[in-house]
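Report on one structure; see the data block that follows.
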Amino acid sequence: MTATHPAATAPASDLSLALLLLKARTFIALILVVLFFSFAAPNFLSTANLIIMSEHVALNAFLAIGMTFVIITGGIDLSVGSIVGLCGMVAGYLVLNGVAIDLVGYTVFFNTFEIVLITLGVGVLVGVVNGLLITRLNVAPFIATLGTLYVARGLALLSSDGATFPNLRGSAEWGTAGFPLIGSGSFLGIPVSIWTLVVVGCGAAYLAARTPLGRAIYAVGGNERAAALSGLRVNRTKMFVYMFSGFCAAIVGLIVASQLVASHPATGETFELNAIAAAVLGGTSMSGGRGRIGGTIVGAFVIGILSDGLVMMGVSSFWQTVIKGLVIIAAVVVDQFQQRLQQRIALQRQAALAR
């Protein structure tokens, strides 16, 4: 006589239902969080508060979208928070000081569009450095991005000796008067940052689901060796995801500097943790090969609404940190359980076909 575990003999239909609920866990968590704070926090569902929360969520969502691609390939990017700070300082410096050319005694001032392009280029450049360290020098992603975290933060501090670049309202004479509109402007009553998130999110989702590059990203994360043997350019794929992550971080740096009309070198500290939390909560597997942009954006909403709701309830910031940590742990545990359940269902189906 042999004993079997009850779960091992559970009907396939029950396991499939459980798997469906696990896959929808992020949406379920979002609904529960919204329902809880709508009763626990006054004015939580007011229009003004929803717009403010959406702006906060957008910052995490940008970083989480870039982080999702990185994690799908089996990597990690710890430098995104520092890239936010560095890019904010670059934008602030260009708005206030321009670029001095000492040889001719002349200072070049850029307009708002040019400043945006330069700042985005800086974010992509840091992503290039991360990609080269990982693909060419075979440095582990954790160590490579940890190093660039410190380098980028140090450069941000050096740019102003640790001081703030204030009053970034720009000048009509130099074409920078529109800089504050990046973070505080609106279109049809919706902040520009939200429209930007829609564009970036839709573009990233299309890339992941409908393009050869997207399929290559999943293939590299699923089995890097098999991807290389099948002819995929693994190193180029990894380079892209880190460049895109830096690009997303640069967007956040611009938005924060524009919203505050000031840039500070400490901006973005711990932002990488929220990005990782949103990606994992949205169903991205830390082992690589699995994840969805839509799920990541929903995960960013869960993290953002949780943070803002706790603030509205007057919960201590120390407890907020504890709760976020517990959410990340729970998300990883549930993800591992989902993987085991998927394997169990696959084995049951194989056994059924063999009969």
Residue pair I71, M286: steps toward the side chain to side chain contact (heavy atoms under 4.5 Å, CB included) verdict: CA-CA 6 Å; I71 295 177; M286 292 298 293; 4.1 Å; yes

Candidate pair V70 and F244, rule side chain to side chain contact (heavy atoms under 4.5 Å, CB included), full reasoning: CA-CA 9 Å; V70 172; F244 184 72; over 6 Å; no

C202/V198 under side chain to side chain contact (heavy atoms under 4.5 Å, CB included): CA gap, chis, key distance, verdict: CA-CA 6 Å; C202 290; V198 171; 4.1 Å; yes

Step-by-step side chain to side chain contact (heavy atoms under 4.5 Å, CB included) determination, R215 to T211: CA-CA 7 Å; R215 290 190 288 272; T211 67; over 6 Å; no

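Here R153 pairs with nothing under the salt bridge (Lys or Arg N to Asp or Glu O under 4.0 Å) rule; sequence neighbours left out. Residues satisfying the side chain to side chain donor-acceptor pair (under 3.5 Å) criterion with S82, sequence neighbours excluded, are absent altogether. Residues meeting the ring-ring contact (aromatic ring centres under 6.0 Å, His included) test with F44, sequence neighbours left out: F37.
Listed by chain and number, the hydrophobic cluster partners of L35 are I31, where partners are ILVMFWY side chains within reach of under 4.5 Å, directly or through others. Hydrophobic cluster membership of F109, counting Ile, Leu, Val, Met, Phe, Trp and Tyr whose side-chain heavy atoms lie under 4.5 Å apart directly or via other members: W174. Think of V333 as one node in a network of Ile, Leu, Val, Met, Phe, Trp and Tyr side chains linked at under 4.5 Å; its network also takes in I329. Other residues sharing a hydrophobic cluster with L188 under the 4.5 Å side-chain heavy-atom criterion for ILVMFWY residues are F187, I190, I194, W195.
The list of ring-ring contact (aromatic ring centres under 6.0 Å, His included) pairs with a residue in residues 275-328, not counting sequence neighbours, is empty.
In this structure, the side chain of T237 engages the main chain of R233 through a donor-acceptor pair within 3.5 Å. Using a distance-only test at 3.5 Å, with no hydrogens or angles considered, no donor-acceptor pair links the side chain of Y206 to the main chain of G201. Between the side chain of T270 and the backbone N or O of L273, no donor-acceptor pair lies under 3.5 Å. At least one donor-acceptor pair closer than 3.5 Å links the side chain of N111 to the backbone N or O of E114. A donor-acceptor pair is defined here as one N or O able to donate and one able to accept, closer than 3.5 Å; no such pair exists between the side chain of S245 and the backbone of V241.
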Side chains of residues 256-267: which donor-acceptor pairs under 3.5 Å do they make with residues two or more places apart or in other chains?
unit_1, atom_1, unit_2, atom_2, d
S258, OG, F179, O, 2.7
S258, OG, P180, O, 2.8
S258, OG, I182, N, 3.4
S258, OG, G183, N, 2.7
S263, OG, G88, O, 3.4
H264, ND1, A266, N, 3.0
T267, OG1, H264, O, 2.8

Acceptor/donor pairs from residues 55-65 side chains to any protein atom, 3.5 angstrom cut, sequence neighbours excluded:
unit_1, atom_1, unit_2, atom_2, d
H56, ND1, D308, OD1, 3.4
H56, ND1, D308, OD2, 3.0

Return a table of donor-acceptor pairs under 3.5 angstrom between the side chains of residues 119-144 and protein atoms on other chains or two or more places apart.
unit_1, atom_1, unit_2, atom_2, d
T119, OG1, I115, O, 2.8
N130, OD1, T148, OG1, 2.7
N130, ND2, S79, OG, 3.1
T135, OG1, G131, O, 2.7

Side-chain polar contacts of residues 220-229 - donor-acceptor pairs under 3.5 angstrom, sequence neighbours left out - could you list them?
unit_1, atom_1, unit_2, atom_2, d
N223, OD1, R225, N, 3.3
N223, OD1, A226, N, 3.0
E224, OE1, K238, NZ, 3.0
E224, OE2, K238, NZ, 3.2

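Atom CD1 of I276 and atom CD1 of I76 lie 4.0 Å apart (nearest 0.5 Å). Atom CE of M312 sits about 13.0 Å away from atom OG of S307, to the nearest 0.5 Å. One distance of note links OG1 of T68 with CD1 of I217; it measures 10.5 Å at 0.5 Å rounding. Between atom CD1 of residue I83 and atom CG of residue L155 there is a gap of 11.5 Å, rounded to the nearest 0.5 Å. Distance OG/S193 to CG/L254: 12.0 Å, rounded to 0.5 Å. Interatomic distance, CD1 of I323 versus OG of S316, reported as 9.5 Å (0.5 Å rounding).
Annotation: side chain of L207 is in contact with side chain of F240 (closest heavy-atom distance under 4.5 Å). Between F165 and S160 the shortest side-chain heavy-atom distance falls below 4.5 Å.
Nearest heavy-atom pair, L45 versus L50, reported as atom, atom and distance to 0.1 Å: O-CD1, 3.6 Å. Of all the heavy atoms in A208 and F69, the pair that sits closest is CB-CE2, 3.8 Å. When all heavy atoms of M89 and A163 are compared, the closest pair comes out as CE-O, 3.7 Å. In this structure, A219 and L232 approach most closely via the heavy-atom pair CB-CD1, 3.6 Å. Between M67 and A275, the closest heavy-atom pair is CE-CB, 4.2 Å.
Both V84 and Y93 belong to a common hydrophobic cluster when Ile, Leu, Val, Met, Phe, Trp and Tyr are linked at side-chain heavy-atom distances under 4.5 angstrom. If you chain together hydrophobic residues whose side chains sit under 4.5 Å apart, I305 and F39 never meet in one group. Each of I72 and V234 belongs to its own hydrophobic cluster when Ile, Leu, Val, Met, Phe, Trp and Tyr are linked at side-chain heavy-atom distances under 4.5 angstrom. With hydrophobic clusters built from ILVMFWY side chains whose heavy atoms lie under 4.5 angstrom apart, M313 shares a cluster with V322. If you chain together hydrophobic residues whose side chains sit under 4.5 Å apart, Y150 and L157 never meet in one group.
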